[in-house]
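Written below as structure tokens is the structure these notes are about.
Since we're looking at a predicted model, the values are computed, not measured. Along the sequence shown, residues carry numbers from 1.
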Amino acid sequence: MGDGVVKGQRPLPLHTKIFLGLVGGAVSGISANVFLGQRPEVEWIVRTVTEPIGQIFLRMLIMVVVPLVFASLALGVAGLGDVRKLGRIGLKTLLYFLLVTTLAVTIGLTLVNAIRPGEGLPEEVKVQLLETYRGQTTQTLEQAGQTRFGIQMLVNIVPRNPIAAAVQGDMLGIIFFALLFGIALTFLPPSRAEPVMAVLSGIGEAMVVLIDLAMRLAPFGVAALIFSVTARFGFDLLIKLGLYVFTVILGLALHQFGVYSILVRVFAGLSPWRFFSAIQTIMITAFSTSSSSATLPTTMRISEENLGIPREITGFVLPLGATMNMNGTALFEGVTVLFLAQVFGIELSLSAQLIVVLMSVLTAIGAAGVPGGSLPLLILVLQTVGVPGEGIAIILGVDRVLDMCRTALNVTGDVTAAAFLARSEGHVLMPLPSIAEPIAEIKRADA
Ligand code: ASP
């Protein structure tokens, strides 16, 4: 990544360039918002320049997801060569997802019960927000009406047609088919299975090249995405809903830097400092795209290169995690349900709060890894405990910013799971990210 190098100087590493893109996008977007306000020129720049650039970057990432997930998962499973080993890894992965997600919701509920952000919200702000976001709320309510929850959600995991699942970006369907395809390969004689595995491996490697290409655009893509959000954002809302936003972000931060630090230290044997600096690019990509799915290619590449997690683990745990392991989303849902209950003066008993925990964990598993993917499911949780679904209007205006933060947590949680799995399967992780990137770059340059 030696582009833009001044003679005799070391090129800036990619993660530094992406970080600069993040800061540059945020500073210029916030400045445009504050100093130029609602001027039509700002909207014009967003619509014709920054949004298209951001979209191209996003699409470049999303484009890779379906073939990458299919090839790496099928190959990962076939490579394990043994259904029992797959069962063991699968069980550990799911248990890890469930436990850590439950912990996240518990942190959220504890904070929202202690801070009680909903009680101080002035009546006129509540009425104004319900009015302003009525249109958007109706759309989300309709989506919630179409969402199948319960036993149908389980049935839907099995796709009728794997190609249709791929076309619709139905991740759980693709994952299910890829798992079975990989298992099927282990039953074939090697002379039959190996050519297929060689093709899958070639597809996986070609996707890595495409991810590399997309990531070269990342400094600009990230800057453009962040500019588009901040230039249009209603910062006055952040102040009005300050205590609620503070509660969500405090919960996310405690989980991100407290819980994960302990988990990576204890279960993966990694220094938290090294871990977080190794995954900076993953966190920034998740933050700026608000999408676990769009971040998946980056998550896989960086986890392999910077942490040394083997492909057989990343190929299995990370695609599953991108849809099923959403710690940040579950925490956000728990806080939001209780916040809205407080706003509407509904007292939720301990048993109702336990239902909130359970439902938040389940809906976080079912939510799509796209911006706002959890909102229709959040409405289901609200309705289950008797809080009006329309109440979601109150938080819609600040949702994008919270979405960015919770997605960063969701994706970090996936990497901690992969690190834990790798270690528990006896793999040695690479705790030196500071040298990993230059090495990876040298390897790429040599190739
Ligand atoms: N945007 C989140 C993700 O992709 C999902 C959500 O919480 O809405 O992980």
Closest approach of S288 to V222 (non-hydrogen atoms, all atoms of both residues): OG-CG2, 3.4 Å
T186 OG1 to K85 NZ distance, which is reported to the nearest 0.5 Å: 12.5 Å
F420 and F267 aromatic ring geometry - parallel, tilted or perpendicular at 30°/60° bounds: perpendicular
F19, CZ atom: more than 12 neighbouring heavy atoms under 6.0 Å: no
S291 side chain to G369 backbone, donor-acceptor under 3.5 Å: yes
Aromatic ring proximity, centroids under 6.0 angstrom, F70 and F181: yes
Heavy-atom donor-acceptor pair, Q342 side chain to V112 backbone, under 3.5 Å: yes
Minimal non-hydrogen separation, S271 against R265, with atom names: CA-NH1, 4.0 Å
Side-chain (S201) to main-chain (M197) donor-acceptor, under 3.5 angstrom: no
T314 side, atom OG1; R301 side, atom CZ - distance, nearest 0.5 Å: 12.5 Å
Inter-residue atom distance I174.CD1 - L73.CG, 0.5 Å rounding: 10.0 Å
Side-chain touch T289/I62, heavy atoms, less than 4.5 angstrom: no
Flag, side chain of N410 to backbone of T329, donor-acceptor distance under 3.5 Å: yes
Contact summary for F97 and A417, nearest pair of heavy atoms: CE2-CB, 3.7 Å
For the student: nearest non-hydrogen atoms of P159 and G173, plus distance: CG-O, 3.5 Å
Spacing of Q55 atom CD and T50 atom OG1 [to the nearest 0.5 Å]: 10.5 Å
Min side-chain heavy-atom separation L358-V105 under 4.5 Å: no
Heavy-atom neighbours of R88 CZ exceed 12 at 6.0 Å: yes
Rounded distance [0.5 Å steps], CD1 in I226 versus CZ in F287: 5.0 Å
Side chain to side chain contact (heavy atoms under 4.5 Å, CB included) partners for L421, two or more places apart: I89, K92, T93, I313, V317, S424
Crowding at CZ, F257 (>12 non-hydrogen neighbours, <6.0 Å): yes
Stepwise side chain to side chain contact (heavy atoms under 4.5 Å, CB included) check, D170 with F177: CA-CA 11 Å; D170 161 16; F177 182 73; over 6 Å; no
Member of V387, V385, L380 meeting the side-chain contact (heavy atoms from CB on, under 4.5 Å) criterion with Q383: L380
Set of residues satisfying salt bridge (Lys or Arg N to Asp or Glu O under 4.0 Å) with respect to E390, sequence neighbours excluded: none
Aromatic ring pairing H255/Y260, orientation class (parallel under 30°, perpendicular over 60°, tilted between): perpendicular
Nearest-0.5 Å distance that lies between atom CG in L382 and atom CG in L377: 11.0 Å
Note, R232 side chain near R400 side chain (heavy atom, < 4.5 Å): no
Nearest heavy atoms of A364 and A330, plus distance in Å: CB-CB, 3.8 Å
Check against side chain to side chain contact (heavy atoms under 4.5 Å, CB included), F316 and L86: CA-CA 9 Å; F316 178 75; L86 173 69; 3.6 Å; yes
Side chains of L263 and Y96 in contact at under 4.5 Å (non-hydrogen atoms): yes
Test item: N325 and L320 side chains (from C-beta on) under 4.5 Å apart, heavy atoms: no
Pairwise side-chain contact, L217 with L213, heavy-atom cut-off 4.5 Å (strictly under): no
Any side-chain heavy-atom pair of M359 and E333 under 4.5 Å: no
Any side-chain heavy-atom pair of D414 and S303 under 4.5 Å: no
Full working for side chain to side chain contact (heavy atoms under 4.5 Å, CB included) between I394 and L121: CA-CA 10 Å; I394 295 176; L121 191 78; 4.2 Å; yes
L109 backbone acceptor or donor facing N113 side chain under 3.5 Å: yes
Nearest atoms (heavy-atom pairs only) where M207 meets P67: SD-CG, 3.8 Å
From CA spacing to verdict: side chain to side chain contact (heavy atoms under 4.5 Å, CB included), I18, M215: CA-CA 9 Å; I18 298 178; M215 289 317 285; 3.8 Å; yes
Residue L95 excluded, over 12 heavy atoms near CG under 6.0 Å: yes
